[in-house]
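This report concerns only the one structure given below.
Computed from a predicted structure; not experimentally measured. Numbered from 1 within each chain, the chains take letters A, B, ... in sequence-line order.
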Protein chains: 2
Amino acid sequence: MKRDVEAVLRGLGIQPTIQRVIIACYVLSTDEHPSAEQVFAKVKGRVPVLSRATVYNTLNTFVEKGLLRELVLAEGNVVFDPNVGKHHHFIDDDSGRIHDVPWDAVKVANIDGLSDFEVRDYQVVMRGRRRKRRR
Amino acid sequence: MKRDVEAVLRGLGIQPTIQRVIIACYVLSTDEHPSAEQVFAKVKGRVPVLSRATVYNTLNTFVEKGLLRELVLAEGNVVFDPNVGKHHHFIDDDSGRIHDVPWDAVKVANIDGLSDFEVRDYQVVMRGRRRKRRR
DNA sequence: TCGTGTCTTAGAGTACGTCTAAATACTGAA
DNA sequence: TTCAGTATTTAGACGTACTCTAAGACACGA
């Protein structure tokens with residue numbers, strides 16, 4: 001795991017320091033959408049010392065290099081999404097948790113028909129209740 | 001204008017104080033999507049004294065009562081939208097400005113087909129460049 | 001080994017927003 | 001009108017998320 005991550009970072013031109021590798025290991029393996037503070041809390045124990053500034057710097061670097069995507073969907077904080085492919089988002093009213101929705105699950109038509117806007121990127125943002133899994 | 005706004009506020013069960021009327025006049029007449037700080041800056045001059053807390057309280061009250069909608073789309077701050085009907089949003093890469101996109105300009109299909117989620121509300125969020133108006 | 005540039009650190013600084021306690025304004029009843 | 005109770009506003013303290021700064025640690029090539 002660590003090996004792979006190191007290679008990925010190097011491939012993006014990011015020097016794989018201990019801090020960066022550990023942060024990357026965490027954010028790339030979780031299927032949550034953690035905020036910088038959550039990352040800080042999770043990763044802090046796994047490394048001798050770690051400053052808040054490093055976490056913020058590292059996450060921002062990852063976003064710049066395309067390893068992560070930054071999402072601003074809910075109030076109060078920016079979260080990071082290891083899934084950089086095209087997909088939509090669903091936000092649970094109860095828990096506030098963000099879930100990925102596959103690109104093809106929802107169809108959007110006529111984006112190109114807008115006369116005033118040249119759309120580079122888009123997504124559907126949904127809010128509501130998560131349905132109980134039927135078994 | 002002031003008269004109308006007073007009536008609207010009263011209709012929603014909001015006591016129309018001077019501060020609230022002036023704030024409402026501003027946010028309801030702008031076609032921007034101002035943040036609380038912007039509202040504070042704009043409105044400050046028009047009333048003898050006005051505290052930051054009042055602006056935040058008032059805007060939150062307006063949202064609760066359905067006069068405004070709160071949007072969290074772009075980094076850094078919550079903005080308020082006087083257009084409470086269904087519509088989509090476009091965010092200009094260059095200026096960061098948010099533009100409304102009519103509900104019918106874009107078609108979304110299969111929202112109801114999602115098996116895991118019960119969608120209460122949704123919108124398409126687009127990013128890109130605003131096209132120069134052709135004349 | 002040395003030197004240069006990169007990275008990390010702690011803590012100060014900033015921005016946005018909420019909370020508190022006190023002062024003021026409004027309301028309805030007598 | 002007067003009064004009491006409630007609602008609203010105020011200044012400033014507080015909280016949280018995030019960025020900046022200056023100094024030290026580290027990495028790597030000559």
Side-chain angles (χ1 to χ4, degrees), chain A residues 5-7 9-10 12-27 33-65 67-68 70-80 96 98, chain B residues 5-7 9-27 33-65 67-80 96 98:
Chain A
V5 168
E6 273 183 45
L9 294 187
R10 240 185 277 274
L12 291 168
I14 304 172
Q15 207 178 106
T17 64
I18 315 98
Q19 290 86 348
R20 288 174 176 171
V21 171
I22 300 210
I23 291 172
C25 279
Y26 171 61
V27 286
H33 295 75
S35 67
E37 292 295 323
Q38 278 173 276
V39 173
F40 180 60
K42 277 278 182 186
V43 166
K44 198 170 175 43
R46 301 192 206 167
V47 76
V49 282
L50 178 67
S51 141
R52 197 172 247 97
T54 300
V55 175
Y56 281 92
N57 289 340
T58 300
L59 292 171
N60 290 337
T61 303
F62 287 179
V63 170
E64 269 170 39
K65 302 289 186 175
L67 225 205
L68 294 178
E70 200 180 70
L71 295 179
V72 188
L73 295 176
E75 176 143 12
N77 50 13
V78 176
V79 303
F80 296 89
I98 298 168
Chain B
V5 169
E6 273 183 46
L9 294 187
R10 240 184 277 274
L12 291 168
I14 304 172
Q15 207 179 104
T17 65
I18 315 100
Q19 291 86 348
R20 288 174 177 170
V21 170
I22 299 211
I23 291 171
C25 279
Y26 171 60
V27 286
H33 296 74
S35 68
E37 293 293 324
Q38 280 173 274
V39 173
F40 181 59
K42 278 276 182 187
V43 166
K44 198 169 176 42
R46 301 193 207 166
V47 76
V49 281
L50 178 67
S51 141
R52 203 176 298 274
T54 300
V55 174
Y56 281 91
N57 289 340
T58 299
L59 291 171
N60 290 337
T61 303
F62 287 178
V63 170
E64 269 170 38
K65 302 290 185 174
L67 225 206
L68 293 179
R69 185 197 296 200
E70 200 179 70
L71 296 179
V72 188
L73 295 177
E75 175 142 14
N77 49 13
V78 176
V79 302
F80 297 89
I98 298 169

**Report entry** Pair A/Ile22-A/Leu50, side-chain contact (heavy atoms from CB on, under 4.5 Å): steps then yes or no
**Finding:** CA-CA 11 Å; A/Ile22 300 210; A/Leu50 178 67; over 6 Å; no

**Report entry** Candidate nucleotides C/dA10, D/dC18, D/dA11, ranked by approach to the side chain of B/Val49 - the nearest
**Finding:** D/dA11

Report summary line: Judged by nearest nucleotide, the residue sitting upstream toward the 5' end of DNA chain C, B/Ile18 or B/Asn57, is B/Asn57

Requested in this report: Could you please name the option among C/dA10, C/dC26, D/dG12 that lies closest to any side-chain atom of B/Ala53?
Outcome: D/dG12

Requested in this report: Return no unless some side-chain N or O of B/Thr17 is found under 4.0 Å from OP1 or OP2 of D/dT9.
Outcome: yes

Query - Whole angstrom value for the distance that separates P of C/dC7 from CZ of A/Phe62 - result: 11 Å

Query raised in the report: Would one find a side-chain N or O of A/Gln19 under 4.0 angstrom from OP1 or OP2 of C/dT8?
Result: yes

Query raised in the report: D/dA27 P sits how many Å from A/Ile14 CD1, rounded?
Result: 18 Å

Query raised in the report: Is any side-chain N or O of B/Thr54 closer than 4.0 Å to OP1 or OP2 of D/dT10?
Result: yes

Query raised in the report: Can you name the nearest heavy-atom pair linking A/Val5 to A/Ala24, along with the distance?
Result: CG1-CB, 3.5 Å

Report task. Give the rounded distance in Å between these two atoms: CG of A/Leu59 and P of D/dT19. Result -> 10 Å

Report summary line: B/Arg52 meets the salt bridge (charged side-chain N to carboxylate O under 4.0 Å, His left out) criterion, sequence neighbours left out, with B/Glu37

Query raised in the report: Taking only N and O in the side chain of B/Tyr56, is any of them less than 4.0 Å away from OP1 or OP2 of C/dT18?
Result: no

**Report entry** Heavy-atom side-chain contact between B/Leu12 and B/Phe62 under 4.5 Å
**Finding:** no

**Report entry** B/Ser35 versus B/Gln38, side-chain donor and acceptor atoms under 3.5 Å
**Finding:** yes

Query - Short side-chain N/O contact from A/Asn60 to OP1 or OP2 of D/dT19, under 4.0 Å - result: yes

Requested in this report: Measure from CZ on A/Phe40 to C1' on C/dG11 and round the result to the nearest Å.
Outcome: 12 Å

**Report entry** For atom CD of B/Glu75 and atom C1' of C/dT14, their distance in whole Å
**Finding:** 15 Å

Query raised in the report: Can a side chain N or O of B/Arg20 be found less than 4.0 Å away from OP1 or OP2 on D/dT8?
Result: yes

Requested in this report: Using whole Å, report how far CZ of B/Arg52 lies from P of C/dC19.
Outcome: 16 Å

Query raised in the report: If each of A/Ser35 and B/Leu50 is mapped to the nucleotide of DNA chain D with the nearest heavy atom, which maps nearer the 5' terminus, i.e. the 5' end?
Result: B/Leu50

Report summary line: Atom CZ of A/Arg10 and atom C1' of D/dC28 are separated, to the nearest Å, by 13 Å

**Report entry** Earlier contact from the 5' end, DNA chain C, for B/Asn77 and B/Gln15
**Finding:** B/Asn77

Requested in this report: For B/Ile23 and D/dT8, give me the distance from atom CD1 to atom P, rounded to whole Å.
Outcome: 13 Å

